[in-house]
Engineer: 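Got a structure for you, written out below as structure tokens; questions coming shortly.
Per chain, numbering begins at 1; letters A, B, ... match sequence-line order.
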Protein chains: 2
Amino acid sequence: MNSLQTVEPALDAACCAPSARPVLSAEDARQKALVFKALADPNRLRLLSIVKGEASGESCVCDLTEPLDLGQPTVSHHLKILVDAGLLHREKRGTWAYYSLVPGAMEKTAGLLASL
Amino acid sequence: MNSLQTVEPALDAACCAPSARPVLSAEDARQKALVFKALADPNRLRLLSIVKGEASGESCVCDLTEPLDLGQPTVSHHLKILVDAGLLHREKRGTWAYYSLVPGAMEKTAGLLASL
DNA sequence: CAACTATATCGATGAATGTCAATCTGTGTG
DNA sequence: CACACAGATTGACATTCATCGATATAGTTG
């Protein structure tokens, strides 16, 4: 990080104006990136798609494992990531675990893009 | 493959209905995940934020390296990923390279979430 | 209580990724 | 032409991540 030259450009014009503007803070960026990280996997997108497409609004793991052609532990792992990201809600009823979209989560995520 | 069991549990129904629904295809998912992958890094979010906040609508690399406290090759690498994802536009003028938001790219990305 | 089933967790492994130092490629300037 | 500078590319390295097999946990059935 100390590889900056001490000599000034000495050119007639700087390449552009200084950015003395409120930029996304490192912490904000880290937080927002977590949500996009959760979306940055094809299988997780498909999981969301299946849950969203379910008429009842929820799906159990047994319904999510087959169409993705993934092992059950892997699907469980992806679901945990989506829950941690605040995109999915998990409710256990009896032996089964039901996953549903968190209301407004998608819209909120879309809003993150607009508020960068 | 074992969609139905020979023994019906005492519960009201099987864990859930079969998902005979048009689910996001593997290829579609892979494609959409690429954009979110580009957004899944805090420093890339900050780069977008800086470019977006620039009054002129564009920033050069020299303006992007310092606020992120990253080396120049690293910033260049991140910018390439954002360009490849269709989020940023690159234009070289003289010695400098100027990056600007691709018009409508953010809105289009937000739309991806709604159309899962 | 014992067997079974659905789901979660753990440990390992190979692949992808972020970062940097060094180098290469243009482009402007003496 | 020779040099300096902006930016891209390359290679290496450490970290993260997706996946799987094995196992643990919890609820259900007999």
Engineer: For R30(A) and dG18(C), give me the distance from atom CZ to atom P, rounded to whole Å.
Structural biologist: 16 Å

Engineer: Can you check whether R44(B) has a side-chain N or O nearer than 4.0 Å to OP1 or OP2 of dG18(C)?
Structural biologist: yes

Engineer: Among dA8(C), dT7(C), dT28(D), which nucleotide has an atom closest to any side-chain atom of T95(A)?
Structural biologist: dT28(D)

Engineer: Do Y99(B) and V83(B) come close enough that some side-chain heavy atom pair is under 4.5 Å?
Structural biologist: yes

Engineer: Could you see if L39(B) belongs to whatever hydrophobic cluster contains I81(B)? Use Ile, Leu, Val, Met, Phe, Trp, Tyr and a side-chain cutoff under 4.5 Å.
Structural biologist: no

Engineer: From the options dT19(C), dA8(D), dG7(D), select the nucleotide whose nearest atom is closest to the side chain of S76(B).
Structural biologist: dA8(D)

Engineer: Could you check whether H78(B) gets within reach of a base, just the sugar-phosphate, or nothing at all, counting any heavy atom under 4.0 Å?
Structural biologist: sugar-phosphate

Engineer: Which nucleotide, dA6(D), dT19(C), dC20(D), lies nearest any side-chain atom of L70(A)?
Structural biologist: dC20(D)

Engineer: Please state whether the base of dA8(D) and the side chain of Q72(B) form at least one donor-acceptor pair under 3.5 Å?
Structural biologist: yes

Engineer: Mapping H77(B) and D69(A) onto DNA chain D by nearest heavy atom, which one lands closer to the 5' end?
Structural biologist: H77(B)

Engineer: If you compare every side-chain N and O of R93(B) against the phosphate oxygens of dA6(D) (OP1, OP2), does one of them come in below 4.0 Å?
Structural biologist: no

Engineer: Run the salt-bridge test on D84(A) and K80(A) with the 4.0 Å N-O cut-off and return the result as yes or no.
Structural biologist: yes

Engineer: For K92(B), answer base if it contacts any base atom (sugar-phosphate contacts may also be present), sugar-phosphate if it contacts only those atoms, and nothing otherwise; contact means non-hydrogen atoms under 4.0 Å.
Structural biologist: nothing

Engineer: Does the side chain of Y99(A) get closer than 4.0 angstrom to OP1 or OP2 of dA8(C) through an N or O atom?
Structural biologist: yes

Engineer: Return the 5'-most residue of the pair T74(A), K37(A) with respect to DNA chain D, ranking by each residue's nearest nucleotide.
Structural biologist: K37(A)

